[in-house]
Engineer: 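Would you mind keeping the following structure in view while I ask a few things?
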Amino acid sequence: KNNMESKIELLKNEIKKLDIYGNLVCILLYGSVVSNSQNPDDLDGVVVVKKVNSDIKELFNLLRSYFNKLDFNIYSEYEVKNKISYFTREFKLEYLANGTCLFGENIFKELYSCVTNQEYRLSILTRSIEHLQMARQRYFFVLKNEEDRFKYLYKYFLRISKNILLFYGVCSHTTVNNLTNNELFLKLYDCNIFDKIVDMEKVKSSDELFGLFYQIEQAIYKIRTES
């Protein structure tokens, strides 16, 4: 086992000793801790509990002893089963259904299997529009440092571009995340979604990168008119 696998096994054993153990339904992990063989210091996931209360802090205190940064959504079992508290629900369900269980059974798999193609595509469109607005807000108002602006725009340009391929069914959630940047933008061009092949290596400033978002705008407009 590598260091990350050993760390996860230790966590599984520690969770069983928590006072809130009986309140836990499911803990899912996704992101870099699952996709990378290295040792990321951040942990992304979802916690489902029978009842949301302040005692859950015990779990997060444990997780913080292993990881510097936590980014979790917290749902009650009732909320999950009754379609409450989801952020662009159908889109998120896909990667939750493919998440790695730290505790319990992955209750999102069955929910995702019931999602229709139209529901899934609409949720991708909604999420892409939200991401586009987030990128604009941070470019103009929030991020003052050039390096931070560039990193944020870079991340979300790639993320929205991948979402667009998902919308058209060109790739699955798994395969799209395995594409190189060159493969990603070649597919977008070949499918007549982008009007040119984007070369991210040639982009040197946040202003240049922000200028490329017109490709995203045009793609979203096209999706909207077709939906």
Side-chain angles (χ1 to χ4, degrees), residues 26 28-32 34-35 44-48 71-76 78-99 106-143 149 151-179 181 184-185 187-189 191-195 198 209-227:
C26 178
L28 284 176
L29 306 179
Y30 50 83
S32 56
V34 174
S35 59
D44 302 308
V46 167
V47 174
V48 181
D71 188 359
F72 274 76
N73 290 123
I74 304 162
Y75 302 126
S76 72
Y78 176 85
E79 289 170 336
V80 171
K81 291 182 177 179
N82 290 277
K83 304 181 181 181
I84 301 172
S85 293
Y86 278 91
F87 191 41
T88 49
R89 178 178 179 272
E90 292 77 18
F91 174 65
K92 187 166 187 175
L93 270 177
E94 181 175 21
Y95 64 82
L96 293 183
N98 291 297
N106 188 339
I107 66 174
F108 297 95
K109 286 185 177 180
E110 183 179 354
L111 293 169
Y112 179 62
S113 69
C114 299
V115 172
T116 68
N117 186 54
Q118 180 62 20
E119 288 174 330
Y120 177 67
R121 296 179 84 215
L122 182 59
S123 72
I124 293 175
L125 172 60
T126 303
R127 192 63 170 141
S128 298
I129 293 170
E130 289 167 347
H131 279 157
L132 178 60
Q133 286 301 318
M134 289 163 61
R136 289 173 179 172
Q137 288 172 342
R138 280 155 180 77
Y139 174 76
F140 285 111
F141 307 115
V142 179
L143 300 174
R149 277 197 305 270
K151 285 181 179 179
Y152 189 89
L153 292 179
Y154 191 97
K155 175 182 177 179
Y156 277 89
F157 189 80
L158 291 178
R159 183 168 291 183
I160 303 171
S161 296
K162 290 176 181 179
N163 288 353
I164 292 168
L165 283 184
L166 289 173
F167 179 88
Y168 282 106
V170 177
C171 298
S172 69
H173 203 93
T174 301
T175 56
V176 77
N177 286 322
N178 290 328
L179 294 176
N181 288 352
L184 170 65
F185 295 115
K187 280 185 179 292
L188 286 163
Y189 176 75
C191 294
N192 296 314
I193 301 169
F194 281 10
D195 61 20
V198 175
L209 188 48
F210 187 77
L212 289 176
F213 271 79
Y214 84 90
Q215 297 276 4
I216 298 288
E217 297 162 16
Q218 293 300 311
I220 289 177
Y221 176 75
K222 182 179 180 183
I223 288 172
R224 192 60 177 154
T225 55
E226 293 175 353
S227 300

Engineer: Is there a side-chain contact between F72 and D44 in this structure, where contact means two heavy atoms from C-beta onward sitting under 4.5 Å apart?
Structural biologist: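 They are not in side-chain contact.
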Engineer: For the atom pair CZ (F140) and CZ (R149), what is the distance rounded to the nearest 0.5 Å?
Structural biologist: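 So the gap between those two atoms works out to 10.5 Å.
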Engineer: One pair to check against side chain to side chain contact (heavy atoms under 4.5 Å, CB included): Q218 and K222. What are the steps and the verdict?
Structural biologist: CA-CA 6 Å; Q218 293 300 311; K222 182 179 180 183; over 6 Å; no
Engineer: Within a reach of under 6.0 Å around OH of Y78, are more than 12 heavy atoms found that belong to other residues, nucleotides or ligands?
Structural biologist: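 12 or below, so no.
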Engineer: Out of curiosity, L111 CG to K81 NZ, how far, rounded to the nearest 0.5 Å?
Structural biologist: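 Reported to 0.5 Å precision, the distance equals 9.0 Å.
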Engineer: Please table the atom pairs, donor to acceptor, closer than 3.5 Å between any side-chain atom in residues 160-171 and protein atoms at least two apart or in another chain.
Structural biologist:
residue : atom : partner : partner atom : Å
S161    : OG   : F157    : O            : 2.7
Y168    : OH   : E226    : OE1          : 3.3

Engineer: Can you tell me if N106 uses its side chain to pair, donor with acceptor, with the backbone of L96 under 3.5 Å?
Structural biologist: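 Flag set: sc N106 to bb L96 pair under 3.5 Å.
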Engineer: So, does Q215 use its side chain to make a donor-acceptor pair with the main chain of D195 at under 3.5 Å?
Structural biologist: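 Yes.
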Engineer: Would you say that L209 contacts Y156 through its side chain, given a criterion of any heavy-atom pair below 4.5 Å between the two side chains?
Structural biologist: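 No, side chains not in contact.
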Engineer: Any idea how H173 and F91 line up, ring-wise: parallel (<30°), tilted (30 to 60°), or perpendicular (>60°)?
Structural biologist: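 If you compare the ring of H173 with that of F91, the planes turn out tilted.
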Engineer: Take atom CD in E110; do more than 12 heavy atoms of anything else shown fall under 6.0 Å from it?
Structural biologist: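 No, because the 6.0 Å sphere around CD of E110 holds 12 heavy atoms or fewer from other groups.
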Engineer: Take Y139 and L143, measure what side chain to side chain contact (heavy atoms under 4.5 Å, CB included) needs, and give me the verdict at the end.
Structural biologist: CA-CA 6 Å; Y139 174 76; L143 300 174; over 6 Å; no
Engineer: Determine whether L184 and F194 make a side-chain contact, defined as any pair of heavy atoms from C-beta on separated by less than 4.5 Å.
Structural biologist: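 Heavy-atom side-chain distance check fails, nothing below 4.5 Å.
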Engineer: Can a side-chain donor-acceptor contact be found between R138 and Y152 if the only test is distance below 3.5 angstrom?
Structural biologist: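 Judged by distance alone, the side chains do pair up.
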Engineer: Quick one: do E217 and R136 make a salt bridge, cutoff under 4.0 Å?
Structural biologist: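 Result for this pair is yes, salt bridge flagged.
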Engineer: Do other residues, nucleotides or ligands put more than 12 heavy atoms under 6.0 Å from Y189 OH?
Structural biologist: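 At most 12 heavy atoms, drawn from other residues, nucleotides or ligands, come within 6.0 Å of this atom.
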Engineer: Supply the atom-to-atom distance L28 CG to Y30 OH, rounded to the nearest 0.5 angstrom.
Structural biologist: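 Interatomic distance, L28 CG to Y30 OH, rounded to 0.5 Å: 9.0 Å.
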Engineer: Measure the CG-CD1 distance between L122 and I223 for me, rounded to the nearest 0.5 Å.
Structural biologist: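 Separation between the atoms: 11.0 Å.
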Engineer: Cut-off 3.5 Å, side chains only: do T175 and S172 have a donor facing an acceptor?
Structural biologist: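 There is such a pair between these side chains.
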Engineer: Taking the side chain as C-beta and beyond, is there a heavy-atom pair between F108 and N98 under 4.5 Å?
Structural biologist: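 A side-chain contact under 4.5 Å is absent here.
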Engineer: To the nearest 0.5 Å, what is the distance between CD (E90) and OG1 (T116)?
Structural biologist: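 Spacing of CD (E90) from OG1 (T116) equals 7.0 Å.
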Engineer: What's the shortest heavy-atom distance between F213 and L153, and which atoms?
Structural biologist: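 Residues F213 and L153, closest heavy atoms: CZ-O, 3.7 Å.
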Engineer: Kindly determine whether V47 and N73 satisfy side chain to side chain contact (heavy atoms under 4.5 Å, CB included), including the steps that lead there.
Structural biologist: CA-CA 6 Å; V47 174; N73 290 123; over 6 Å; no
Engineer: Can you measure from NZ (K155) to CZ (R159) and round to the nearest 0.5 angstrom?
Structural biologist: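 Answer for the NZ-CZ pair, K155 versus R159, is 4.5 Å.
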